[in-house]
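Letters go in sequence order (proteins before strands), and every chain restarts at 1. This structure is a prediction, so every number in the text was calculated from the model and none was measured.
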There are 2 protein chains.
Amino acid sequence: MLFMKEQNPTKTVLYSIEHAIKEYRKISQKNIEKVVSDITVDQCLVLIILNENKNVSQIEIAKLIFKDNASITRIIELMVKKDYLIRETNALDKRKTKLEITDKGKKTIELLTPVIHLNRKTALDGLSLEEINMLDKILDKIITNCKTV
Amino acid sequence: MLFMKEQNPTKTVLYSIEHAIKEYRKISQKNIEKVVSDITVDQCLVLIILNENKNVSQIEIAKLIFKDNASITRIIELMVKKDYLIRETNALDKRKTKLEITDKGKKTIELLTPVIHLNRKTALDGLSLEEINMLDKILDKIITNCKTV
DNA sequence: TTTATATATTTGATATATCAAGTAAATTTA
DNA sequence: TAAATTTACTTGATATATCAAATATATAAA
């Protein structure tokens, strides 16, 4: 059994991690689409982060949701086009941008907050607090292992 | 504490899952690049799967590595261009393709197999068998939760 | 055996991932 | 203060993700 896991790339716990996050993203996107049709999971995350802290920079957003700066630039670009955000330059540091949530963005947050909570509840249904903490702890170890190489 | 986790999307265990798999993919790609410069993690997985079972269809490959059929089409396209694979139509079922690994592909597998094992070892370093099994079990629950909605 | 349906793959459109290189502003150093 | 370095963000190129629609072949039903 263990030998199998070693040989076949798709039978490693690392691929269960990949599998899990992909399934979670799928139902998340599906449930979000039921309520708001023109937004993605990632764009939704950007909204929520900005809603919690008006002054985060793009780099900070990138770090929070584990994305590349370039990706954030493009995600925000699309959100501005779709009237979720307004982008201006930060007067205090002109290298930075100042991101503001539009009314449409605010309404969207209200609509989607319960959906996101439901998604998490659904994904973690039946797991005990101990299991969730264990999961978190083990994943942190993996993250550290990968980073410190 | 728990309340925090509920509120901030980036403080949920689900984002630790995302974080972990992204870090793992990063070192994997880095280590692969040290040995073979023109191949990606995903392309490498396709090679290994084909090497283990000559007769898998594209759909089966897609399922094994949790990807869309369309993605597999394009991944294979690139691998054919780079002389890792030869694509023909399957004589028994002309809807399907017959994928063959080239000599370059075979050499690449030999070069990269130890790298992939090292990547896994690195990521899981310091984790006990119990922890790995626990992780697998919990992730399976999450996968099931997300699928059965 | 036609017709209908299912299956395997492809293609198009759009979003995101990643790296490298570029730009502009801010900060540090000489 | 001028030059060098760092920082924040953008842009280009290429790979992958995802859905929907299209194609071609195979299988089932009438």
task = Identify whether the distance between the nearest side-chain nitrogen and carboxylate oxygen of Lys81(B) and Glu77(B) falls below 4.0 Å.
result = no

key: Lys98(A) with Asp93(A): basic N within carboxylate O range, under 4.0 Å   = no

query = Lys63(A) NZ to dC9(D) P: how many Å, rounded?
reply = 11 Å

inquiry  = Counting the atoms with a prime plus P, OP1 and OP2 as sugar-phosphate, which does Lys22(B) contact under 4.0 Å by heavy atoms, base, sugar-phosphate, or nothing?
reply    = sugar-phosphate

task = Enumerate the residue pairs fulfilling side-chain hydrogen bond (donor to acceptor under 3.5 Å, both in side chains) with a member in residues 60-70 of chain A, sequence neighbours excluded, ordered by first and then second residue.
result = Asp42(A)-Lys67(A), Ser57(A)-Glu60(A)

request  = Indicate whether the side chain of Ser16(A) and that of Asp136(B) have a donor and an acceptor atom separated by less than 3.5 Å.
outcome  = yes

remark   = Arg25(B) CZ to dA17(D) P, in whole Å, measures 7 Å

5'-most by nearest nucleotide on DNA chain C - Asn90(A) or Thr73(B) = Thr73(B)

query = Which residue lies toward the 5' end of DNA chain D, Glu18(A) or Asp68(A), if each is placed at its nearest nucleotide?
reply = Asp68(A)

Arg87(A) CZ - dA8(D) P separation (whole Å) = 16 Å

query = Can you list, by residue number, the residues of residues 54-62 of chain A that have a non-hydrogen atom closer than 4.0 angstrom to DNA chain D?
reply = Ser57(A), Gln58(A), Ile59(A)

ask   = What is the nucleic acid contact for Lys26(A), judged by heavy atoms within less than 4.0 Å: base, sugar-phosphate only, or nothing?
value = nothing

query = Roughly how many Å is it from CG in Asp42(B) to P in dA17(C), rounded to a whole number?
reply = 14 Å

ask   = So among Val36(B), Leu47(B), Ile116(B), which one has a side chain to side chain contact (heavy atoms under 4.5 Å, CB included) with Ile109(B)?
value = Leu47(B)

Closest listed nucleotide, where the reference is the side chain of Arg95(B) and the choices are dA8(D), dT11(C), dA24(D) = dA24(D)

inquiry  = With hydrogens left out and only the distance checked, is there a donor-acceptor pair under 3.5 Å joining Arg74(B)'s side chain and the base of dT18(D)?
reply    = yes

key: Nucleotide nearest Glu77(A) (side chain, heavy atoms from C-beta), chosen from dT16(D), dT11(D), dT10(C)   = dT11(D)

key: Contiguous Watson-Crick or G-U pair runs (3 or more, under 3.5 Å) in DNA chain D   = C:1-30 with D:1-30

ask   = In terms of side-chain heavy atoms of Lys96(B), which of dA8(C), dC9(D), dT11(D) is nearest?
value = dA8(C)

ask   = Hey, is Glu100(B) close enough to Arg87(B) for a salt bridge, meaning N to O under 4.0 Å?
value = no

ask   = In terms of the angle between their ring planes, are His19(B) and Phe66(A) parallel, tilted or perpendicular, with boundaries placed at 30° and 60°?
value = parallel

ask   = Is Lys106(A) salt-bridged to Glu110(A), cutoff N-O under 4.0 Å?
value = no

ask   = Contact class for Ile72(B) vs. all strands (heavy atom < 4.0 Å): base, sugar-phosphate, or nothing?
value = nothing

task = For Gln29(B), report the nucleic acid contact type (base, sugar-phosphate, nothing); a contact means any heavy atom under 4.0 Å.
result = nothing

query = Toward the 5' end of DNA chain D, which comes first, Lys94(B) or Ile75(B), by nearest nucleotide?
reply = Ile75(B)

ask   = With a non-hydrogen cut-off below 4.0 angstrom, is Thr40(A) in contact with a base, only sugar-phosphate, or nothing?
value = sugar-phosphate

